[in-house]
Amino acid sequence: MKITSVSLRRPVTVLICTAALVFFGVSSLTSMGVQRIPDIDFPIVTVSTSMSGASATIMDNDVADVIEEKLSSISGVKNISSSSYQGISMTAVEFELEKDVDAAAADVRDKVNLAAAELPDEAETPVVQKFSSSDEAIVTIAVAGSMPYREKAEYADKILKPRLESVDGVGNVSTPGLRKREMRIWLDPAKLKARSLSVNDVSSAIKKRHVDLPSGSVKTERNEFQLRLNAEYASAEELRTLPVLVKEGATVRLGDVARVEDGLEERSDAATYNGEETILLSIARQRGANEVTVADGILRRIEEMRGSLPEGVRIEILSNTSDFIRRSMKGVGSDVLLAVGLCALIMLFFLQTLRATFVTVVAIPVCLLGSFLFLKAFGVTVNNLSMMGISLSVGMVVDATTVVLENIHRRMGKNVRTSEAAEKGTNEVAFSVLAGGLTTMAVFAPITFMGGIIGKFFFSFGIVVVCTIALSVLLSLTLTPFVGSRIMRAEESRYGMARMIRGFLDSLEQAYRKLLTFAVRFRWITMSAAAGLGRSRFGNT
């Protein structure tokens, strides 16, 4: 083939291309995201709406039904389901798998914005979210200790959470078990009735007087000052003085008709650690971020903050997915090195020459490292499935190299120049190698087009195998004959072990030749034996 001739006559080109392939492959590997499983955008979009104090029936009739009516007109919707509870309604929209999730989320937001005008005035703005595998927490920590809960909650929400959110690659920090500070007003019905007031009067007074609003600006010759009306009440004592009603010169204040407490939100969830009430911080990464790198950054930030923790507060790391990922990637690396070593030993056993074995050992890592360049272009990350593809590919990438090397070695035994033997030996088997590679690629390529959620997970596996096999075929027709022509020799090994192996292989070949002759001469016996084996196999199943 012409590509083989060019590689033999342009050694500098081959060396530069090989070095570039390895360099950019390593660069791609170090910059690729590392995670447990591939990033999967499930075709599900959720809409959550809150309305304080509303019953489940009101949330279902006045919120969920309105949102469902608007969402039902979106194309590509497979299923819509809603769940309503006290003060909150959740609507899940499942789309067909072919639907682009980003476009689906945009369609849902547009319809929800239209539905917002028909929702009750007390309802908060609906929140639209996509469901993605990257939303899972990679590190979970607990804020515990003897400090009172309120101070711990203030520290976790105002100090610890912002510091963790500033770590590069962190996407979201959720706080299960956190109850924020809240002013609680307990109205006295008898006192309200005595002053001819209602609950709506108190609510309206709080909305009008407990405000923080822009109030224009003041311009001078040199400067402009922005003004704000700050009428917020910062403590329970101040809030008790809030005027509710002014009538005939008398002022009814909030403290006259209600008991005001500086407390916490009502408990909607709880988190405990070793039987102690605690606050959890579940940290998720950004999509595509390196899970191990992000987790390491989070742990470093936690260690930095341990020295400045308030007395009575401690931070406990409950889970860290990067440990599992490290163990998985370390196991994959060991498997790959072991596979390369076994391939080298098998090549040494059959070819009985260290020179041919060296060609094999060079071709495998070049192929595997170079494949990462193409994997990054396809958006594949380093995860369990892609590494499974790499492990599987180690044994297959050597197939083409073995065929080419064996034929070159056979050619060198006929008193020809090494370059001529490399070119003729490669050309003789080039189309066989190409056909074998294409056959293997044809087996694994359909995996990348599988439908459903399983297809989304195994996309990276199929891409890894296809890219690695394609690159191995290319290298077997270029790098292998080039290196073989430079280092392989025609003379046979004179070591006793090599002669023993050669004698064993010759006897094995003779035994196989006799068995094959018998099978061809007595074909009816051969066919009957094959049919009997097949029947016994399927009969047992």
Side-chain angles (χ1 to χ4, degrees), residues 338-361 363-364 392-416 418 420-443 469 472-473 476-477 480-481 484-485 487-541:
L338 180 61
V340 172
L342 290 176
C343 287
L345 289 176
I346 292 173
M347 291 295 297
L348 181 61
F349 179 82
F350 282 98
L351 295 181
Q352 301 117 43
T353 168
L354 289 174
R355 297 176 183 271
T357 304
F358 175 78
V359 178
T360 305
V361 174
I364 294 177
L392 180 65
S393 300
V394 172
M396 293 188 291
V397 298
V398 76
D399 291 346
T401 300
T402 303
V403 173
V404 173
L405 275 179
E406 195 280 332
N407 206 47
I408 292 175
H409 188 266
R410 184 179 63 84
R411 274 281 181 179
M412 285 182 176
K414 296 184 178 181
N415 298 322
V416 295
T418 55
E420 182 181 351
E423 182 173 1
K424 290 184 177 180
T426 304
N427 288 336
E428 286 179 351
V429 296
F431 286 101
S432 299
V433 168
L434 185 61
L438 291 176
T439 302
T440 306
M441 292 166 60
V443 172
I469 296 302
S472 70
V473 172
S476 67
L477 300 177
T480 298
S485 66
I487 67 173
M488 291 180 65
R489 295 293 181 267
E491 59 270 12
E492 297 182 351
S493 176
R494 296 183 296 273
Y495 295 105
M497 181 63 70
R499 290 196 297 270
M500 291 176 58
I501 294 174
R502 193 177 308 112
F504 170 75
L505 293 178
D506 290 341
S507 62
L508 187 65
E509 181 180 355
Q510 292 298 325
Y512 173 68
R513 187 184 299 276
K514 293 178 181 179
L515 179 63
L516 182 61
T517 303
F518 176 83
V520 173
R521 179 177 299 176
F522 303 99
R523 58 180 63 92
W524 289 109
I525 297 177
T526 305
M527 296 298 295
S528 299
L533 290 174
R535 182 178 179 181
S536 63
R537 174 67 179 88
F538 289 105
N540 292 333
T541 58

* Asked: Taking all atoms of both residues into account, what is the closest heavy-atom pair of Thr401 and Val397, and its distance?
  -> OG1-O, 3.8 Å
* Could you tell me which non-hydrogen atom of Ser476 sits nearest to which non-hydrogen atom of Pro481, and how far apart they are? => O-CD, 3.2 Å
* Do the side chain of Thr526 and the main chain of Ala519 share a donor and acceptor less than 3.5 angstrom apart? -> yes
* Asked: Can Glu428 and Lys424 be counted as an ion pair, charged N to O under 4.0 angstrom?
  -> no
* Locate the shortest heavy-atom distance separating Val473 from Gly437; write the atom from each residue and the value. => CG2-CA, 3.8 Å
* **Nearest-0.5 Å distance, OG1 of residue Thr439 to CD1 of residue Ile469** => 11.0 Å
* To do: Please confirm whether the backbone N or O of Ile525 pairs with a side-chain atom of Ser528, one donor and one acceptor, at under 3.5 Å?
  => no
* Once you round to the nearest 0.5 Å, how far does CD of Glu423 lie from CD1 of Ile408? -> 10.5 Å
* Atom pair CG (Asn407) and OG1 (Thr402), whose distance is rounded to the nearest 0.5 Å -> 12.5 Å
